[in-house]
Amino acid sequence: MDTVKKPALLNLSVDVSRLYAASHNDISPIRQIGALAQAAERAGFDSLALHDRLETHSHGQAGAQFEPLTLLGYLAAITTRIGLIADLSSAHTHPYNGARRLASLDHISHGRAGWRVRSTATAREAGNFGAAASASAADSHELAQEFITVAKKLWDSWEDDARLADREAGQYLDIAKVHRIDHVGRAFRVEGPIDIPRSPQGHPVLAQSVGKRDASDLFAQDVDLVLHHADDLRAAQSLRRHVTRRVQAAGRPQEAIRLLTSIDATARQARAAAAQIDAWQAAGAIDGADVRFDIEGAAPGIDPITAFIAQFADELRRRERLARGAGQPATLRMRYGVPRPTSRYTAARAA
Amino acid sequence: MPSAEPTRGTDIAYFQRLSQIAERGKFDFVFFADFLAFAPSSQYHVRWELEPLTLLAAVAAVTGRIGLVATGSTVFTEPYNLARAFATLDHLSGGRAAWNIVTSGAPAAARDFGHDEVLAHHERYVRAGEYVEVVKQLWDSWSSGARARPLDHRGAHLDVAGALNIPRPPQGHPVLVQAGSSEDGKDFASRYAELIFTATPTLAAGQAFYAEIRRRAAAAGRAPEALKILPGFLAVIGSTEAEARQLKEQLDDFIHPEHYKLFLSSFGIDLSQFPLDQPLPRKFADISAFNGIKSRLAVIETIIAELGRPVTPRELVRRLAGSRGHLHCVGTPEQIAERMAQWFEARAADGFIVKPSHLPGGIENFVEHVVPELRRRGIYRDDYAGTALREHLNLATPGVAPPTAQTEPKNLEALA
């Protein structure tokens with residue numbers, strides 16, 4: 001019997017505005033975020049996710065909510081291994097723009113880009129985009145699904161080998177391998193192609209925070225990484241079953257998706273939290289942890305965060321739930337062990 | 001071009017390296033053009049292939065002084081999102097961001113956003129004016145020491161309720177850049193732009209444009225030092241004039257025959273109907289009916305008129321392909337610096353967008369050989385005086401607009 005433990009996959013979720021709200025005058029919030037990304041990378045975290053909102057803080061002490069994709073472009077340049085996941089609002093971004101920025105981030109980071117689709121928006125957010133009120137949950141969900149569909153078509157619009165770089169013939173592209181997508185849907189009409197070559201991961205990793213206990217809001221056809229909250233092991237196991245069922249109903253294998261359960265790092269002891277992750281993973285309920293510092297009432301500055309993640313990772317290593325070395329360079333898909341999609345146009349040609 | 005690397009359009013290390021070379025040369029800023037939509041002409045002609053704000057954030061991490069100019073569309077981006085992204089770039093770069101304002105006249109981009117055709121030319125500029133005002137208000141909406149102040153903007157084209165969730169950028173506002181030369185474009189530039197990019201291939205054209213913009217800006221109540229006019233300048237450098245000419249020929253020889261037809265399509269101009277080696281008609285499109293990029297069409301017709309004889313599409317594209325209708329200079333570093341000095345002193349330019357003939361060699365040669373010549377003539381800095389792009393350009397930091405009656409009183413920031 002194979003007793004080697006599978007490593008826990010680790011995401012760090014951060015609400016950047018929490019850092020700003022408590023930043024010291026002499027350490028800019030940008031420097032703090034940079035230091036945090038590097039600390040998480042050193043600790044062995046697989047990814048860093050930036051939580052976002054499209055409105056000012058609704059109460060009291062306001063924190064700067066830097067735009068995540070621009071910030072991640074910067075973090076990509078000062079890190080080498082950690083994945084970089086951006087919240088993206090499907091309600092208030094056009095998928096052509098979102099797809100361009102994420103593909104660019106994937107190129108810039110050599111395949112470490114990911115995104116978490118935010119399908120709902122508050123009424124205040126909607127007001128910043130000329131929308132009278134935010135849409136119903138069902139409509140928001142449908143829009144988000146179409147957004148994901150368009151983004152993926154655009155990411156496929158260049159086949160992997162479209163670029164020839166044939167200096168002799170003076171030809172750069174095999175134009176037959178760059179495709180219009182001609183998407184016509186309820187919310188979007190997009191001709192394409194995108195103007196960016198297919199990126200190292202094909203599609204940036206898609207993460208989703210599942211809100212419902214039965215995972216009925218899951219984008220089962222598309223999601224790679226599921227972030228959830230479970231009060232206890234039974235709840236985590238139940239979610240695993242629900243997610244698996246939905247994913248398989250969408251024609252995908254169970255292994256195509258990873259489940260990370262949240263750890264509220266502002267309220268837990270690092271070693272006890274690591275013990276929980278070890279136990280839940282042994283029970284097959286989860287694939288790792290989403291360590292969250294995007295919660296109300298977080299302590300100021302990054303020192304508590306870096307201390308927590310170091311202790312947490314060390315304890316997991318002690319329990320043989322985390323590799324010791326830095327490992328080989330890898331894309332985020334490789335780190336999470338989820339497959340890299342072929343362009344649908346390449347697949348169609350092969351069919 | 002044997003030393004060029006055609007697959008480097010997505011290689012961030014390459015962008016970073018080019019930016020660092022330019023920074024070594026004490027350039028005010030770098031600018032990587034962005035067209036938003038795919039162009040079939042890129043089969044034969046590599047373009048930059050990364051979204052500029054994301055890319056420049058990665059460049060900001062490895063540079064410390066050079067300005068970072070990114071294109072943003074007033075048609076295909078939400079103002080709230082654009083304001084956030086530029087504010088973020090300005091914060092993370094220590095005040096080096098600039099926004100190249102484009103009104104999105106190319107038809108291909110429209111079809112990526114669900115529009116059958118572009119907005120009419122004039123309407124694009126009306127919208128752009130409102131858009132720029134909204135973005136500036138968003139940047140101002142959270143000024144230091146005060147709570148964020150909602151906009152409650154309801155305009156002809158845009159509704160934006162709230163304040164930005166990012167504090168006022170280090171520069172106050174990222175520097176505003178604009179590049180249209182049509183009537184509407186010049187009007188817009190005179191009112192809003194702080195850096196004006198233009199394509200003026202001759203000294204006379206340059207002086208005329210310069211004088212006209214200055215006149216319009218004065219009429220709009222703006223001080224002369226509040227805007228800088230920068231023509232594009234293609235520099236083909238050789239250690240002798242003959243060597244430079246040979247380099248130019250070599251570069252022109254690389255133009256693929258198919259590229260001729262597609263070349264101007266990205267500006268909405270269709271050359272494919274004309275035989276490659278037959279003379280073009282003098283006025284091959286009626287400008288007033290033309291809804292694409294008017295200024296570029298006008299430049300082309302100026303070049304044809306200036307040559308004084310009919311040109312074939314092949315000749316035209318060879319003339320344009322490197323310079324794209326900009327001023328170009330083929331010669332030694334001394335000749336190139338002399339030409340720049342001439343334009344500068346003749347009030348045809350406050351500076352230039354240097355377009356290297358090839359990369360990275362062209363920019364390396366410029367920094368190594370032309371920059372010292374400019375310094376010898378006393379028209380170029382030895383080093384950056386400050387950190388922010390506004391400091392390099394001697395542009396004032398904008399004040400915060402006064403509050404309306406509904407909001408709390410707050411201090412106005414002094415003009416630098």
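Excluded from the calculations below are hydrogen atoms, water molecules and symmetry mates; all remaining heavy atoms, backbone and side chain alike, are included. In the text below, chain A, chain B and the rest are named by the order of the sequence lines, each starting its count at 1.
- Here the side chain of B:T88 pairs a donor or acceptor atom with the backbone of A:E67 at under 3.5 angstrom.
- Here the straight-line distance linking atom CZ of A:R180 with atom CG of B:D112 works out to 10.0 Å at 0.5 Å rounding.
- One finds the CD1 atom of B:I12 at 11.0 Å from the NE2 atom of A:H107 (value rounded to the nearest 0.5 Å).
- Closest heavy-atom contact between B:A58 and A:I108: CB-CG2, 3.8 Å.
- Put simply, CZ on B:R47 and CD1 on A:I196 are 10.5 Å apart, with the number rounded to the nearest 0.5 Å.
- Checked by atom type, the side-chain pair B:R84/A:T70 shows no donor-acceptor distance below 3.5 Å.
- Looking at A:V184, there are no atoms closer than 4.5 Å to chain B (heavy atoms on both sides), in backbone or side chain.
- For a residue to count as touching a neighbouring chain, one of its non-hydrogen atoms must lie under 4.5 Å from one of that chain's; by this rule A:F66 touches chain B with backbone and side chain alike.
- Counting heavy-atom pairs under 4.5 Å between each of A:V150, A:T93, A:D195 and chain B puts A:D195 at the top.
- The candidate with the highest count of non-hydrogen atom pairs below 4.5 Å against chain B, out of A:L154, A:L54, A:I33, A:I181, is A:L54.
- With respect to A:R100, the side-chain contact (heavy atoms from CB on, under 4.5 Å) criterion is satisfied by exactly one of B:L53, B:L50, B:T54, B:D34: B:D34.
- With a 4.5 Å cut-off on non-hydrogen atoms, B:L36 touches chain A through its backbone and its side chain both.
- One finds a salt bridge joining B:R111 and A:E191 here, because a Lys/Arg side-chain nitrogen approaches an Asp/Glu carboxylate oxygen to under 4.0 Å.
- Interface residue A:I78: only side-chain heavy atoms are found under 4.5 Å from chain B.
- The distance from atom CG of B:L55 to atom OG of A:S104, rounded to the nearest 0.5 Å, is 7.5 Å.
- Aromatic ring pairs are classed by plane angle as parallel below 30°, tilted from 30° to 60° and perpendicular above 60°; the pair A:H94 and B:F113 is tilted.
- With chain B as partner, the option from A:P197, A:A162, A:S199, A:P95 having the largest number of non-hydrogen pairs under 4.5 angstrom is A:P197.
- Residue A:R189 holds its CZ atom at 4.5 Å from CG of B:D116, rounded to the nearest 0.5 Å.
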